[in-house]
Each structure stands twice: as structure tokens, then as C-alpha cells.
A.B. asks: 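I'd like to ask some things about the structure below.
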There are 2 protein chains.
Amino acid sequence: MAIELDEIDVKLLTQLQQDADRTNLELAELAGLSPAATLHRVRRLKESGAIRIVSASVDAAAVGFPLTVFMAVTTGNARATERFEREVQLLPQVIAAETVAGEMDYWLTVVARDVEDLEHTLTRIATHGGGRVVTYLRLKQLKPPTPLPLLPSAAARQKRRS
Amino acid sequence: MAIELDEIDVKLLTQLQQDADRTNLELAELAGLSPAATLHRVRRLKESGAIRIVSASVDAAAVGFPLTVFMAVTTGNARATERFEREVQLLPQVIAAETVAGEMDYWLTVVARDVEDLEHTLTRIATHGGGRVVTYLRLKQLKPPTPLPLLPSAAARQKRRS
DNA sequence: GGTGAAAGAAAAGACTT
DNA sequence: AAGTCTTTTCTTTCACC
């Protein structure tokens, strides 16, 4: 199931999660590998699906979205759920949505230019299948996204020993 | 406050949020701009802080973390809060944390290799300042992270007209 | 702030160990 | 699977608009 990673893969993935805006040469030096081998490894990590995408993280507040709100939502019957899921896809202010198991059914990330914009999105959700909706206004990042605490897989360690 | 963006900036930011793993040449073509001008624009967007970081998004499940859990947490007094915030920074399984205003005080993203690993993290949080803790097991992505619904700023539109 | 051309750097590929 | 070398391609800088 899980992709086998050796020490070098772990190094590469950890670096790339922190900063993917480096040249292959810099990355090679950080990993203690030749540039060609590094290129090959990184390509394999992308092809295997370990690396999903490389993307630029934009500062929402800096580009006109001072409000970020997290919303926990429940839906009722199947009809409401379907309506809700469709609305989530349609609303551009909903920049991410997850299905969850627990006290609520969905977790949304919503951005807004101002309170009016936010209220509009909230209303749309409430009137399109949203049942109970709990909102949390994002105040600040306490811990900015960190790399996954990766470890070389047992198989990779074994391989290295041989 | 907000950085002024014109139509081209919006195009570039939208593309880079979706895929930053393109050459400057490809990006230039998508934006309808010369490679040199594109390079200049992107550098400015990074320097201005509109682009925070460029990073690789790793598939947690694919690299050995089949469980992702969101946790809403409240803390009690100032002492508990301080302990909690310290613990969040220390636990590598907590890969992101936000301070929020609303029914709860914090929103955490936690990854785990198995149920035992998850239980360990939960216990650490509960015993280090965590008050009420509500967990939501992530089932699936309903809407994968989309680019911000950016618009050219009024000033930039004005400029273009002149 | 944009364009176009030239120099420098990096990535991709073939071959060797 | 990794290292070296060569070719190709991209990035970067500069002068000019």
C-alpha cells in the first residue's frame, strides 16, 4: 500500500515540502546526491504519487481576502447532501472541503473579502442543504504547515543493509 | 493593505496555485507574456509576499499516514494555553495549527500511522493543556484546494484603462 | 513596465561502473 | 541505482523601447 521510501527519499520529500522553489543542483547538494540521480528520484516521487502537486501558496490576506473562516457542517437527508455538495463545488469562496466522520459531516475552508462577502457564502450554504453550520474565524497560524514526520520504510532500511 | 494585482498578476497567481512545477516559458505562454516579463512579475509577487512559499504537496496516505484527523480544541486558563501551544509545536504529528474564534479555540491537523499513533497524539494533547477536544476523521477530499477567487484590483483596472 | 537577443546555468539523456 | 559527460533547453541579464 504505502510507497517504500529510503533515507534519501525522506530527505528529498522533507525538503520539497518546505521549499520546492530550489534548483535541482541545490536539492542534490542537500540530499548528498548527484544532480542526475536527484532528478531521477524526484521524477519517480512525482510519478509514484508521493508528490501530488507542487504549488504556490498565496497569502490570502495580502491579496484581498482578510477573512478566512473554517466551517463545520452537517447535512440532513440524501437530497440535502447532494445539494450541499454541488453548492460547495460551485462557490469559489469555498477553497477546500473535506468529508469527515465525527460530530459533523463536512469541513470547509472559506475565504471572504469582507463581512458581507462572508455572509453571502454562509447564506448560500445554509440554504443549499446545509443543516447545522458552525463557523470559526481564523485568527492566526499557530503552527504553519510542517512536513510530514516521514521515516524510511523498514524494507528500505533492510535493502540498504544488504 | 492589499497588494494591487492586475489581470496578468491574477493569471499568474491562479496558475501557480494550481501548478508551480512549470517552466517560466510555459507560464509565460499561459499568461500571454514574454518570458522575461513573466520572470520579473513572478519575482515581484514573491518579494511582495503575495506568494508565501512554493511547496510540494505530499500524499500522506501514500507515504504511510493513512489517518488524517482534524481536531477542534479549547484550552482553559493561561497556563493551560501556554502548555498546549508548546505541545503543539513539539508534536511532529501535528502538521498544522490555527488559532480560531468561535465555539473552539484551536484547529489542528494531525496525521497518524495507525490508531495507536493517533491515540498517543490525542493523549498528549489532552494531558498538555487541552480542554475540550473534538476530533473529526478525514474521510476524503470533497473539493481539493482551489486557487483563491482573485480579481484585478480597482486601481489596476484603472491603470489599464489609461 | 515591456520586448528581444545573448551569455550563463540547469535539466535531460546516453553511457559507464 | 548512482556517477560523469555532452547536448539541449531554460533562465537570467542587458540594452532598448
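Residue numbers begin at 1 in each chain, while the letters A, B, ... track the order of the sequences. Computed over heavy atoms, backbone and side chain alike; hydrogens, waters and symmetry mates excluded. Nothing here was measured: the structure is a model prediction, and the numbers come from that model.
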A.B. asks: Taking only the side-chain heavy atoms of B/Arg41 (C-beta and beyond), determine which of C/dT3, C/dA11, C/dG1 contains the nearest atom.
C.D. replies: C/dG1
A.B. asks: Rounded to whole angstrom units, what separation is found between the CZ atom of A/Arg44 and the P atom of D/dA2?
C.D. replies: 10 Å
A.B. asks: Send over the distance from B/Leu33 CG to C/dG2 C1', rounded to a whole Å.
C.D. replies: 8 Å
A.B. asks: Given C/dA11, is OP1 or OP2 found less than 4.0 Å from the side-chain N or O atoms of A/Asn24?
C.D. replies: yes
A.B. asks: Hey, is B/Arg132 close enough to B/Glu103 for a salt bridge, meaning N to O under 4.0 Å?
C.D. replies: yes
A.B. asks: With B/Glu82, which residues qualify under side-chain hydrogen bond (donor to acceptor under 3.5 Å, both in side chains), at least two apart?
C.D. replies: none
A.B. asks: Taking 4.0 Å as the cut-off, does a side-chain nitrogen or oxygen of A/Arg43 come that near to OP1 or OP2 on C/dA11?
C.D. replies: no
A.B. asks: Kindly compute the distance separating OG1 (B/Thr109) from CD1 (B/Ile95), expressed to the nearest 0.5 Å.
C.D. replies: 6.0 Å
A.B. asks: Please examine the side chains of B/Glu85 and B/Tyr106, heavy atoms only from C-beta on, and report whether any two atoms are closer than 4.5 Å.
C.D. replies: yes
A.B. asks: Within the 4.5 Å heavy-atom criterion, are A/Phe84 and A/His128 side-chain neighbours or not?
C.D. replies: no
A.B. asks: In whole Å, what is the span from the CD atom of A/Glu26 to the C1' atom of D/dT11?
C.D. replies: 14 Å
A.B. asks: Rounded to whole angstroms, how far apart are CG on A/Leu27 and P on D/dA2?
C.D. replies: 13 Å
A.B. asks: Would you indicate what A/Leu25 reaches in the nucleic acid, counting non-hydrogen atoms under 4.0 angstrom: base, sugar-phosphate, or nothing?
C.D. replies: sugar-phosphate
A.B. asks: Of all the nucleotides listed (D/dG3, C/dG2, C/dA11), which has the minimum atom distance to the side chain of A/Thr23?
C.D. replies: C/dA11
A.B. asks: For A/Ala36, which contact category applies under a 4.0 Å heavy-atom criterion: base, sugar-phosphate, or nothing?
C.D. replies: base
A.B. asks: When you measure from the side chain of A/Ser34, which nucleotide among C/dG1, D/dA2, D/dG3 comes out closest?
C.D. replies: D/dG3
A.B. asks: Classify A/Arg22 by what it touches in the nucleic acid, base, sugar-phosphate, or nothing, heavy-atom distance under 4.0 Å.
C.D. replies: nothing
A.B. asks: Give the rounded distance in Å between these two atoms: NZ of A/Lys46 and C1' of C/dA11.
C.D. replies: 12 Å
A.B. asks: Find the distance B/Asp21:CG to D/dC10:P and express it as a whole number of Å.
C.D. replies: 14 Å
A.B. asks: From NE2 of B/His40 over to P of D/dA15, roughly how many Å is that when rounded to an integer?
C.D. replies: 15 Å
A.B. asks: Provide, to the nearest angstrom, the distance between the CG atom belonging to B/Leu39 and the P atom belonging to C/dG4.
C.D. replies: 16 Å
